[in-house]
Amino acid sequence: MTMTLTLYAHRLSQPCRAAEILLRELEVPYEWYEVDFANGQAREPWFADHINPFKSLPAIAITAPDPEPDAGTGESESFLLAESHAIQHHACRTAKNQDAAQRWYPGDRDPRRSAQIDQWMAWHHNSIRRFDSFHAIMNLHLTLPMLKYEIQDTQIRPLQEGLKSGLSMLESHFERQGMGDSSAPTLCGDEHPTLADLSMVCELYQIVAIGYRFKGYPRVSQWIETIASRPHFKDVSAEILDQGRTIREQSGNYLDLENAFT
Ligand SMILES: N[C@@H](CCC(=O)N[C@@H](CS)C(=O)NCC(=O)O)C(=O)O
């Protein structure tokens, strides 16, 4: 029986990209359903009442073929799941290619390593994601020019300050591991990245796309660069790079993003 996995997502969203990149890495077939969240589609009843009551992307629906196609109802029960981390965990648990899946998340095979990945993923939501300034910059870009400097002071600087402590933490972590000098760092210290690396780098890539560079955090920069050079990561991130470039070009240089994290 072949199940259909539908991914409700948008490529300008960091957690959506993490989920989609992982599905590709694990060779899980999926149907793509774009939801225009910027125009409120994730809050519309068809989505909020029937797909994800959290009203957020990504979400997946796994549907078995209709057991009674002749009954003409066209309906079959779907397994619905929201939250990018839960989706990634589920994908690793159920992927046919378990060799690949266990490199991203070993599950019961290595409870300690899995617990470390869980720890980083929990931290991701409360730190790196919390201070992602992409939305503030996008608002700024769409706002009247006379408000630019005000928004920069009231919205963007506090986010940059918040992000700095997370970046320092990551840089020290990589330094303690002794990695990052000859080989590329990963959060759990192994050669292969895990779900935690993927979620966090997707988050930070949002602001790389808009022009930020992390010159003061060389190991963090190397980590981002290495994960971002994976072919599936590149393909799924093409749209956010375009969007970031447009915003950067049209916003002028007053943000000085390249030097914000020196
Ligand atoms: N914790 C969630 C965060 C999801 C989230 O914030 N998604 C945003 C897009 S990046 C969204 O769907 N927003 C819809 C809205 O605000 O209407 C996850 O990891 O999946």
Side-chain angles (χ1 to χ4, degrees), residues 5-26 28 30 32-62 78-94 104-105 117-142 155-156 159 162-163 166 187 193-210 212 227-228 233 236-244 246-247:
L5 187 156
T6 306
L7 174 65
Y8 295 87
H10 197 290
R11 294 220 173 98
L12 295 184
S13 149
Q14 315 82 301
C16 292
R17 292 197 301 278
E20 190 183 7
I21 292 166
L22 185 74
L23 292 177
R24 290 182 178 211
E25 289 273 358
L26 302 183
V28 175
Y30 62 94
W32 165 260
Y33 195 113
E34 184 167 293
V35 181
D36 184 4
F37 71 102
N39 283 309
Q41 262 194 357
R43 300 167 194 213
E44 289 175 3
W46 72 269
F47 185 78
D49 297 345
H50 301 287
I51 309 292
N52 177 12
F54 300 161
K55 303 178 186 160
S56 65
L57 304 174
I60 56 169
I62 300 177
S78 288
F79 170 67
L80 298 170
L81 194 64
E83 288 292 322
S84 63
H85 291 177
I87 292 169
Q88 291 175 72
H89 281 127
H90 179 265
C92 284
R93 286 197 182 100
T94 55
W104 288 96
Y105 190 77
I117 298 169
D118 294 342
Q119 165 200 279
W120 282 111
M121 290 178 89
W123 183 78
H124 156 243
H125 262 148
N126 207 28
S127 59
I128 298 293
R129 181 161 176 78
R130 202 165 128 217
F131 300 113
D132 188 333
S133 54
F134 185 86
H135 296 293
I137 291 177
M138 205 149 112
N139 289 342
L140 185 63
H141 168 66
L142 299 170
Q155 290 190 28
I156 296 181
L159 293 171
L163 190 55
L187 287 168
T194 68
L195 300 187
D197 298 289
L198 182 59
S199 279
M200 241 181 282
V201 173
C202 280
E203 198 70 58
L204 288 167
Y205 205 66
Q206 195 84 348
I207 61 176
V208 168
I210 213 159
Y212 279 109
I227 309 272
F233 192 109
V236 171
S237 305
E239 220 168 296
I240 192 66
L241 278 183
D242 269 357
Q243 174 81 309
T246 306
I247 293 176

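In each ligand, atom 1 is the first atom listed, and ligand 1 is the first ligand listed. Values in this document were obtained by computation on a predicted structure and should not be read as measured data. These values consider heavy atoms only, across backbone and side chains, with no hydrogens, waters or symmetry-generated copies.
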Do Trp120 and Asp197 have side chains that approach each other closer than 4.5 Å (heavy atoms only, starting at C-beta)?
no
The protein residues that pass the under-4.0 Å heavy-atom test against ligand 1 are Ser13, Gln14, Pro15, Phe37, Arg43, Lys55, Ser56, Leu57, Pro58, Glu83, Ser84, His125, Arg129
Do Tyr30 and Arg24 meet the criterion of a side-chain donor-acceptor pair at a distance under 3.5 Å?
yes
How about Gln41 and Tyr8: do any of their side-chain heavy atoms sit closer than 4.5 Å?
no
Using a 6.0 Å cut-off, check whether atom CZ of Phe79 has over 12 heavy atoms from anything other than its own residue.
yes
Fit a plane to each ring of His10 and Phe37, take the angle between them on a 0 to 90° scale, and name the class: parallel (under 30°), tilted (30 to 60°) or perpendicular (over 60°).
perpendicular
For the residue pair Tyr105 and His89, categorise the inter-ring angle as parallel (less than 30°), tilted (30 to 60°) or perpendicular (more than 60°).
perpendicular
